[in-house]
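Quick caveat, the model's predicted, so the values are computed rather than measured. The chains referred to below are lettered A, B, ... by the order of the sequence lines, with proteins before strands, and numbering in each begins at 1.
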There are 2 protein chains.
Amino acid sequence: MRGMEPIDIFKALSNETRLSILQWLKEPEKHFPKQGAHLPKEVSVKGGVCVGDIQEKANVSQSTVSQYLNTMQKAGLLESVRYGQWTYYRRNEEVISKLASYFKTEI
Amino acid sequence: MRGMEPIDIFKALSNETRLSILQWLKEPEKHFPKQGAHLPKEVSVKGGVCVGDIQEKANVSQSTVSQYLNTMQKAGLLESVRYGQWTYYRRNEEVISKLASYFKTEI
DNA sequence: TCATTATATCTAGATTTTCCGATATGTCAA
DNA sequence: TTGACATATCGGAAAATCTAGATATAATGA
């Protein structure tokens with residue numbers, strides 16, 4: 001994780017769907033009831049949701065959601081873990097809380 | 001001032017120059033030494049800086065800075081006061097602090 | 001090995017944003 | 001009035017972003 005780039009983060013947040021995804025991932029169990037269905041229970045991807053589940057909820061094409069998630073990851077808002085054929089995305093709380101302080105002090 | 005629209009705010013912040021303007025206006029006396037030069041001293045436009053001074057510092061065309069300021073005002077980040085032939089822009093601290101709480105609680 | 005499933009990447013047309021020069025509007029002072 | 005100055009708005013070419021379909025990659029299981 002390189003230094004936070006506020007501009008890239010703001011660009012990532014400048015889209016209704018991407019902003020929603022970030023908010024959904026605050027409470028994955030609430031917004032993605034089937035969460036973790038594919039995971040054997042000894043594996044934990046805490047807070048992570050797979051691309052397909054996010055796509056279904058976001059209601060955009062598969063390529064679009066994949067690109068959205070990539071954009072958000074490059075901005076630092078999300079991180080991903082691959083497990084088998086699934087990629088689980090979750091919030092990068094460290095960056096997000098840095099962003100909140102940036103907001104308070106710099107904006 | 002209508003309800004805050006986070007997306008519009010993030011769009012407004014997704015530009016290096018606009019973001020700088022917002023930050024410059026945190027400390028106008030520091031970044032705009034000639035601040036208020038046109039104002040008779042009985043008139044106070046506290047924290048406000050005129051378009052020309054902002055343009056000079058931002059180093060973009062007059063029409064561009066005017067549009068930037070308008071964008072930021074529509075997003076709620078700035079407010080303007082006209083005095084004679086000058087328009088003074090300053091931060092809308094109320095909206096900005098609402099935004100900071102929005103950030104903490106919703107993002 | 002092969003078919004299937006999940007995700008990523010490539011490509012491109014449509015849409016939006018950027019940013020300027022030109023021009024309009026508004027204010028002041030002579 | 002008129003001319004000079006400050007700012008706003010208009011119009012448009014270029015650049016960036018959006019979003020999807022097509023295709024590639026990777027993992028799984030039969």
Side-chain angles (χ1 to χ4, degrees), chain A residues 5 7-22 25 32 34-40 43 45 48-75 77-90, chain B residues 5 7-22 25 32 34-40 43 45 48-75 77-90:
Chain A
E5 284 297 336
I7 300 279
D8 290 336
I9 293 181
F10 293 137
K11 281 185 188 172
L13 297 175
S14 294
N15 173 284
E16 201 77 51
T17 302
R18 285 191 300 260
L19 186 56
S20 294
I21 290 172
L22 191 64
L25 289 176
F32 304 94
K34 319 183 299 195
Q35 185 219 13
H38 325 293
L39 287 171
V43 178
V45 186
V49 178
C50 74
V51 179
D53 289 355
I54 298 173
Q55 185 204 341
E56 188 178 342
K57 177 135 183 124
N59 206 36
V60 292
S61 77
Q62 187 270 321
S63 62
T64 297
V65 83
S66 181
Q67 281 173 145
Y68 279 4
L69 295 169
N70 186 250
T71 297
M72 296 170 80
Q73 179 170 30
K74 280 192 299 190
L77 293 167
L78 300 183
E79 54 193 358
S80 67
V81 181
R82 181 167 255 263
Y83 185 78
Q85 50 188 148
W86 292 275
T87 305
Y88 290 83
Y89 282 89
R90 66 181 165 215
Chain B
E5 285 297 338
I7 299 280
D8 291 336
I9 294 181
F10 293 137
K11 281 184 187 173
L13 297 175
S14 295
N15 174 284
E16 201 76 50
T17 303
R18 286 191 300 261
L19 186 56
S20 295
I21 290 172
L22 191 63
L25 290 176
F32 304 94
K34 320 182 302 193
Q35 184 219 16
H38 323 294
L39 286 170
V43 177
V45 185
V49 178
C50 74
V51 179
D53 289 355
I54 298 173
Q55 185 204 341
E56 188 178 340
K57 178 138 181 120
N59 205 37
V60 292
S61 77
Q62 187 270 320
S63 62
T64 297
V65 83
S66 181
Q67 281 173 146
Y68 280 4
L69 295 168
N70 186 250
T71 298
M72 296 170 82
Q73 179 168 31
K74 280 192 298 190
L77 293 167
L78 300 182
E79 54 193 359
S80 67
V81 181
R82 182 167 253 263
Y83 184 79
Q85 41 186 345
W86 292 276
T87 305
Y88 291 83
Y89 282 88
R90 65 182 164 212

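- In this structure, the side-chain contact (heavy atoms from CB on, under 4.5 Å) partners of B/Thr71, at least two apart in sequence or on a different chain, are B/Ala12.
- Among residues two or more places apart in sequence or in another chain, the side-chain contact (heavy atoms from CB on, under 4.5 Å) test is passed with A/Ser66 by A/Gln62.
- When rounded to the nearest whole Å, the span between CG of B/Asn70 and C1' of D/dT9 equals 9 Å.
- At whole-Å resolution of the value, CZ in A/Arg82 and C1' in C/dT9 are 13 Å apart.
- What separates CH2 of B/Trp86 from P of C/dC28 is a distance of 8 Å, to the nearest Å.
- Close to C/dT7, at under 4.0 Å from its OP1 or OP2, lies no side-chain N or O of A/Tyr83.
- Backbone-only engagement by B/Thr87 is indicated by non-hydrogen atom pairs under 4.0 Å involving sugar-phosphate atoms exclusively.
- Atom NZ of A/Lys74 is separated from atom P of D/dT17 by 10 Å (rounded to the nearest Å).
- A search for side-chain contact (heavy atoms from CB on, under 4.5 Å) contacts involving A/Ser61 returns A/Ser63, A/Thr64, not counting sequence neighbours.
- Under the side chain to side chain donor-acceptor pair (under 3.5 Å) criterion, B/Thr87 pairs with no residue, sequence neighbours left out.
- By the salt bridge (Lys or Arg N to Asp or Glu O under 4.0 Å) test, A/Glu16 is found to be paired with no residue, residues two or more places apart in sequence or in another chain being considered.
- Look at CD1 on A/Ile54: it is 14 Å from P on C/dA6, rounded to the nearest Å.
- When the nearest nucleotides of DNA chain C are assigned to A/Gln85 and A/Ser66 by heavy-atom distance, the more 5′-ward of the two goes with A/Gln85.
- Regarding B/Leu69, its CG atom lies at a distance of 16 Å from the P atom of D/dA6, rounded to whole Å.
- Distance from the side chain of A/Val51 is smallest for C/dT7 among the nucleotides C/dC28, D/dT9, C/dT7.
- Residues A/Ile7 and B/Leu13 form no side-chain contact, since every pair of their non-hydrogen atoms from C-beta on lies 4.5 Å or further apart.
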Contact pattern, 5' to 3', of nucleotides 17-22 of chain C - B, S or - by protein heavy atom under 4.0 Å: SSBBBB
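- Proximity of A/Leu69 to A/Val51: side-chain heavy atoms (C-beta onward) are separated by under 4.5 Å at one or more points.
- To the nearest angstrom, C1' of D/dT7 lies 13 Å from CG of B/Asp53.
- Atom pair A/Tyr89:OH and C/dA6:P shows a separation of 16 Å (rounding to whole Å applied).
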